[in-house]
Amino acid sequence: MLTLAAFVLALGLLIAVHEYGHYRMARFCGVKVLRFSIGFGRVLARWQPKGSATEFVLGAFPLGGYVLMLDEREAPVPDDQRHLAFNTQPLRSRVAIVAAGPAANLLLAVVLYAVVNWSGVQSAAPILARPVADSIAARAGLLGGERVRAAAIADDDLQVTESFESLHWVMTRAALRRQALRLEVTAANGAGARELVLDLGGLEAKEATAKLFRDIGIVGPLSAPVIGKVSPGGAAQRAGLIEGDLVQRVGSVAIVDGLQLRDLIRASTAAAESSGQLWRLKRGDAILELTVKPELKPEGDTQVGRIGAYVGGPPELVTLRYGALDGLRLAVVRTWEVAGLTVRMMGQMIVGQASLKNLSGPLTIADYAGKSASLGLTQYLVFLALISVSLGVLNLLPLPVLDGGHLMYYLWEGITGRSVSDAWMERLQRGGVAVLILMMSIALFNDIGRLFG
């Protein structure tokens, strides 16, 4: 129920803001708006404010909306109202009205990011877990436990890294651009600053997947290698482990964090199940050594080790809160960065450098809406901002059925001094519809694969 409510709210808000951008700019330019609709198809509700020429409508099919303006191409217009018709407006006004929808979505994203920055959000500190063995991070000299103080892509200036989320964002952009990632790191206590370079140029990354980050070697923030809740009858209970035990060593391997410990347990073999592993741990002030025999459990086509206990403590958290101007500036920067990454990903998908699996449809959006809402208002606002940017950028694609297609027509008109002919308009419209249906089909196929595969 939460997923459905969060999805409907997100969809309604983003569509309403987009169409309101068109509506307000049309009214500002003196164009008469006949209908403002959220959704298509059968009308569920309608109202018309007293003295207004605009009818406001709620449609049964919620995946979209429209603003119907007075236009001689749609229906005859009385001579005394020609100056109110969209098609009689100067080119600059028509461009502004069409561009106002995507602009409203981008502005909404700025506002949402700013609200998050002003209200404050808790995030994992940028302290690194032990890198995956033989990964790029491991070869660069990271050992785990380092605090990332600043990061940059290639030759860009180093920017302060305040959370693991911001590090993850920079790392994603660097990997998808196939450029080096520069990190300034210190010990966890802030001592011994040094700079490292992670060469991500050879990754050939087409999408941001768990495998990509394992190849890089940085998959999560540092979490203490403590034992959490122990399941009755499991290997952990039989070995004598209890909640709160801090694991220091497994065999000859020093344990730095929970992720490393989980990987060691998962990689257990039949020999470990038979003879056991010698674990050294701290319980209160005492140092203990226990023999733990992980159980092999099927997972897909392979078997992995399990001990029947939650492994790893929560990461160190930091609260990020900014003043009015800094919060707004960072919101603009984040919106610009997300929009830029979205454009680059779309371009790479077109030329085959990025996987079409990056396309997401309504099922995935609904799933993420529910998950983000379950984490709290702040995470839901971040989700809304991300989708709002995506919607704004998507509508600027030069497809005839989208706002970007109309802007393409106006660019032609501005260059040549004449509008696109009706014949060409019809051909382009059919082609645009075909491309959009293809994109939606791929996105829906990806959704089904993610959620039910």
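Just the heavy atoms: all of them, side chains too, but no hydrogens, waters or symmetry mates, feed the values below. Only a predicted model underlies this, so the values are computations on that prediction, with no experimental measurement involved.
The side-chain heavy atoms of L142 and I218, taken from C-beta on, include a pair separated by under 4.5 Å. With a 4.5 Å cut-off on side-chain heavy atoms, T161 and V170 do not count as touching. By the 4.5 Å heavy-atom criterion applied to side chains, W412 and R418 are counted as neighbours. Looking at E337 and V333, their side chains come closer than 4.5 Å, going by heavy atoms from C-beta outward. Between V110 and L328, the closest side-chain pair of non-hydrogen atoms falls below 4.5 Å. Residues I15 and H18 fail the side-chain proximity criterion, which asks for heavy atoms closer than 4.5 Å. Taking 4.5 Å as the limit, some side-chain heavy atom of R214 sits within range of a side-chain heavy atom of D263. You'll find the side chain of L264 reaches within 4.5 Å of the side chain of I255, heavy atoms only.
Within a 6.0 Å radius of CG in D80, other residues, nucleotides and ligands contribute more than 12 heavy atoms. A 6.0 Å sphere centred on CZ of R82 holds no more than 12 heavy atoms belonging to other residues, nucleotides or ligands. Atom CG of L438 has more than 12 heavy atoms from other residues, nucleotides or ligands within 6.0 Å. The environment of CZ in R92 is sparse: at most 12 heavy-atom neighbours from other residues, nucleotides or ligands sit within 6.0 Å.
Remark: side-chain polar atoms of E146 are paired, donor with acceptor, to backbone N or O of G144 under 3.5 angstrom. Listed for the Y380 side chain is a donor-acceptor partner under 3.5 Å among the backbone atoms of A6. Side-chain atoms of Q89 come within 3.5 Å of backbone atoms of A85 as a donor-acceptor pair (strictly under, hydrogens ignored). With R321 contributing its side chain and S119 its backbone, the two residues share a donor-acceptor pair below 3.5 Å. With hydrogens and angles disregarded, a donor-acceptor distance shorter than 3.5 Å links the side chain of R262 to the backbone of V311. When atom types are taken as modelled, the side chain of N105 and the backbone of L14 share a donor-acceptor pair closer than 3.5 angstrom. No side-chain donor-acceptor contact under 3.5 Å links S52 to the backbone of P49.
Shortest non-hydrogen contact noted between Q81 and K32 is OE1-NZ, 3.2 Å. Looking at every heavy atom in both residues, A140 comes nearest to L196 through O-CD2, 3.3 Å. Of all the heavy atoms in L44 and G59, the pair that sits closest is CD1-O, 3.8 Å. Considering all non-hydrogen atoms of both residues, G313 and S223 come closest at O-CB, 2.9 Å. Closest approach of A174 to L200, counting heavy atoms only: CB-CD1, 3.9 Å. Between N395 and L402, the shortest heavy-atom contact is O-CB, 3.8 Å.
Annotation: the span from F213 atom CZ to T172 atom OG1 amounts to 3.5 Å, rounded to 0.5 Å. Rounding to the nearest 0.5 Å places CG of L381 at 12.0 Å from OG of S388. Atom CG of L58 is separated from atom CZ of F36 by 11.0 Å, given to the nearest 0.5 angstrom. Distance check: L181 CG to L198 CG gives 5.5 Å after rounding to the nearest 0.5 Å. Between the CZ atom of R182 and the CD atom of Q159 there is a distance of 10.0 Å, given to the nearest 0.5 Å. Summarising the geometry, atom CD belonging to E195 is positioned 5.0 Å from atom CG belonging to L158; distances are rounded to the nearest 0.5 Å.
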Walk me through it: do R35 and Y66 pass the test side-chain contact (heavy atoms from CB on, under 4.5 Å)? CA-CA 8 Å; R35 175 178 281 190; Y66 62 92; 3.1 Å; yes

Between V121 and E165, does a side-chain contact (heavy atoms from CB on, under 4.5 Å) hold up when you go through it step by step? CA-CA 11 Å; V121 59; E165 180 186 0; 5.9 Å; no

Output, in order, the C-alpha distance, side-chain angles, deciding distance and verdict of side-chain contact (heavy atoms from CB on, under 4.5 Å) for R73 and F86. CA-CA 9 Å; R73 298 167 300 178; F86 175 80; 3.5 Å; yes

Derivation of the side-chain contact (heavy atoms from CB on, under 4.5 Å) call for I265 and L261: CA-CA 6 Å; I265 295 170; L261 179 56; 4.1 Å; yes

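Using a 30° and 60° split on the angle between ring planes, Y23 and Y20 fall in the tilted class, from 30° to 60°. Between F164 and H168, the ring-plane angle classifies as tilted under the 30° and 60° cut-offs.
For the pairing with M69, the side-chain contact (heavy atoms from CB on, under 4.5 Å) check across N87, T54, L84, V33 returns one residue only, V33. For the salt bridge (Lys or Arg N to Asp or Glu O under 4.0 Å) with R147, the lone residue among E316, E184, E162 that qualifies is E316. Put simply, the residue from L396, L386, V393 that forms a side-chain contact (heavy atoms from CB on, under 4.5 Å) with T342 is V393.
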